[in-house]
Colleague: 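Before anything else, here's the structure in question.
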Amino acid sequence: MLDSRFVRNNPDIVKENLRRRHAEGADVEGFLLLEQRRLSLLKSSEEKKQERNLAAKKIGQEKQQSKQPSENKGDGFLEETAARASLKTLSQEIKQLDGQLAELNLKQDAFLQSLPNLIDESSPEGDERANVLLRQHGKLEEKTFPIKAHFELGQTQLDFKRAAKLSGARFSILKGELAMLERALANFFLEQNIQNGFTEVSPPSLVNEQSMYRSGQLPKFADDVFRLAGDFSYLYLISTAEISLVNLHADEILDRDLLPLRYTAYTNCYRSEAGAAGRDTRGLMRLHEFKKVELVSICLPEESEAEHQSMVLLAEKLLQALKLPYRVMLLASGDTGFSAKRCYDLEVWIPSEKRYREVSSCSNCGDFQCRRAKIRYRQSNGRAAYPHALNASALPLGRILIAVLENFQQADASVAVPEVLWSFMKGRKFIFKS
RNA sequence: GGAGAGAUGGCCGAGUGGUCGAAGGCGCAUGCCUGGAAAGCAUGUAUACGGGUAACCGUAUCGAGGGUUCGAAUCCCUCUCUCUCCGCCA
């Protein structure tokens with residue numbers, strides 16, 4: 001969320017940002033008018049409160065004094081009731097003003113919640129076609145045999161038919177060696193992340209509405225997430241562990257020395273894929289439920305750039321260790337996520353599709369999420385300030401399984417297990433060997 | 001699910017209608033003391049919003065929301081959360 005004062009004082013920057021993000025439609029001018037009205041109401045409400053407080057205090061003091069010696073009372077009783085009557089009117093006026101204010105505050109909040117983060121200067125302008133290729137790693141090998149898509153491998157170990165029976169489309173069942181491979185990947189990712197200074201967290205996968213707002217999923221992306229029904233309709237299924245991890249320190253003022261706080265979590269992720277009907281309908285590419293290892297870092301503003309770079313590098317190293325060909329893209333303004341200032345995508349080579357597909361978005365959100373979530377830290381001058389929040393997948397299991405199955409498949413439809421996973425695979429060097 | 005207890009500042013904890021943004025302690029910061037440190041002493045130490053170049057001023061906040069009152073941390077109602085005991089349960 002952007003600071004209301006910032007929006008008030010820099011409406012042109014906000015408008016320009018909306019244009020760059022191809023997200024026009026937010027009524028900035030309307031917001032300015034609303035703020036004008038809100039601030040004038042606020043002023044008169046506070047002035048009336050001051051008047052009321054002073055008068056009430058005076059009554060209190062007089063009462064104290066009259067208690068002590070038994071002085072003359074005179075017709076003080078009459079005066080008192082008259083004064084009280086006018087104060088009562090004042091109180092009612094205040095109540096009315098505050099009612100109107102509350103309404104405007106809600107509108108203000110709704111508008112600010114709907115504004116995306118300011119895009120970083122370094123992000124190229126345009127939609128996804130303007131994304132910039134930063135670097136590429138790994139060789140694209142020509143196989144001597146026809147490549148099979150991942151869902152044509154593994155026979156009964158990758159079972160979409162039964163998954164449909166249990167749950168419907170966009171669900172999967174992994175069995176045997178394939179399930180083990182998924183677990184091996186998860187363990188490998190987690191252990192690498194831990195070695196790189198991230199603390200493992202096992203958080204809830206169901207979070208309340210407030211958590212969804214705080215990390216930026218709501219209100220804009222209500223269609224993309226699953227929500228429980230009935231008595232538990234305040235709970236949402238997380239679409240990424242980022243939600244749980246960012247909310248860990250919501251409403252806290254952190255000791256400066258605690259930063260950076262680096263967390264990694266292995267969780268299921270749930271997405272409605274509302275806008276993706278008909279896309280990636282086969283295989284593991286786009287599911288309602290998938291598993292992912294996520295990174296989140298809360299760090300000092302002056303360190304967030306370096307932190308961003310090192311998190312991308314960490315995710316890249318995982319792909320390198322698996323020997324998967326990938327490339328790194330700097331996302332253009334129109335393709336960068338709602339909460340992010342700047343975002344790098346890691347894309348891995350998918351042989352059956354003959355193209356790179358996204359496996360990780362590494363975002364620097366600046367203070368956007370922390371302001372929303374009221375995460376602060378104590379500066380050395382004693383004042384509280386918002387730290388920066390960053391997140392990255394490292395890495396998602398489904399899409400990495402696809403990449404492993406397809407990139408390392410053999411002529412006999414078996415698949416070579418990447419060497420770094422052997423120890424997690426009870427020494428298996430191949431799976432699907434008949 | 002049944003019965004009970006509780007929620008106050010970074011932490012602990014006092015406070016049952018007025019001078020309470022809130023005693024006291026811990027922690028932290030600065031200064032004095034010291035060869036240096038500890039102890040001791042002194043001073044300071046919440047957040048948000050609005051106004052002001054600033055010093056500062058105003059308003060709000062004692063789990064959340066509502067009510068009573070001239071005035072609420074304190075009284076009333078609703079909700080949320082935490083803890084203890086019993087029952088059930090992976």
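Here is the naming used below: chain letters follow the sequence lines, and residue numbers restart at 1 for every chain. We use all heavy atoms of the structure for the numbers below, so side chains are in, but hydrogens, waters and symmetry mates are not.
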Colleague: Scan A/S91 against the nucleic acid and name what it touches under 4.0 Å (heavy atoms): base, sugar-phosphate only, or nothing.
Modeller: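 Sugar-phosphate contact only - A/S91 comes under 4.0 Å of backbone atoms but never of a base.
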Colleague: Can you tell me how the ring of A/F111 sits relative to the ring of A/F31, calling it parallel under 30°, perpendicular over 60° and tilted otherwise?
Modeller: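 Taking A/F31 first and then A/F111, their aromatic rings lie parallel (interplane angle under 30°).
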Colleague: If you take atom types as modelled and just measure distance, does the side chain of A/E46 reach the base of B/G58 with a donor-acceptor pair under 3.5 Å?
Modeller: yes
Colleague: Is the shortest side-chain N/O distance from A/N53 to OP1 or OP2 of B/U59 below 4.0 Å?
Modeller: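 Yes.
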Colleague: In whole Å, what separates the C1' atom of B/U30 from that of B/C79?
Modeller: 45 Å
Colleague: State whether A/R378 places a side-chain N or O below 4.0 Å from either non-bridging phosphate oxygen (OP1 or OP2) of B/U47.
Modeller: yes
Colleague: With a 4.0 Å limit, can you tell me whether A/R52 has a side-chain N or O closer than that to the phosphate oxygens OP1/OP2 of B/A60?
Modeller: yes
Colleague: Of all the choices, B/G50, B/U59, B/G18, which nucleotide is nearest to the side chain of A/A56 once you look at every atom?
Modeller: B/G18
Colleague: OP1 or OP2 of B/G71 sitting under 4.0 Å from any side-chain N/O of A/K57?
Modeller: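 So the side-chain polar atoms of A/K57 never come under 4.0 Å of the phosphate oxygens OP1 or OP2 of B/G71.
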Colleague: Describe the nucleic acid contact of A/R8 in one word from base, sugar-phosphate, nothing, applying a heavy-atom distance below 4.0 Å.
Modeller: sugar-phosphate
Colleague: If you look at every strand shown and take non-hydrogen atoms under 4.0 Å, does A/K43 touch a base, only sugar-phosphate, or nothing?
Modeller: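 It contacts nothing in the nucleic acid.
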Colleague: Between A/K95 and B/U69, does any side-chain N or O lie under 4.0 Å from OP1 or OP2?
Modeller: no
Colleague: Closest approach to the side chain of A/R376, judged atom by atom: which nucleotide of B/A48, B/C49, B/C70 is it?
Modeller: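 The nucleotide sitting nearest to the side chain is B/A48.
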Colleague: Could you give me the CA-CA distance, side-chain angles and deciding distance for A/L158 and A/L174, then say whether side chain to side chain contact (heavy atoms under 4.5 Å, CB included) is met?
Modeller: CA-CA 5 Å; A/L158 184 53; A/L174 310 185; 3.3 Å; yes
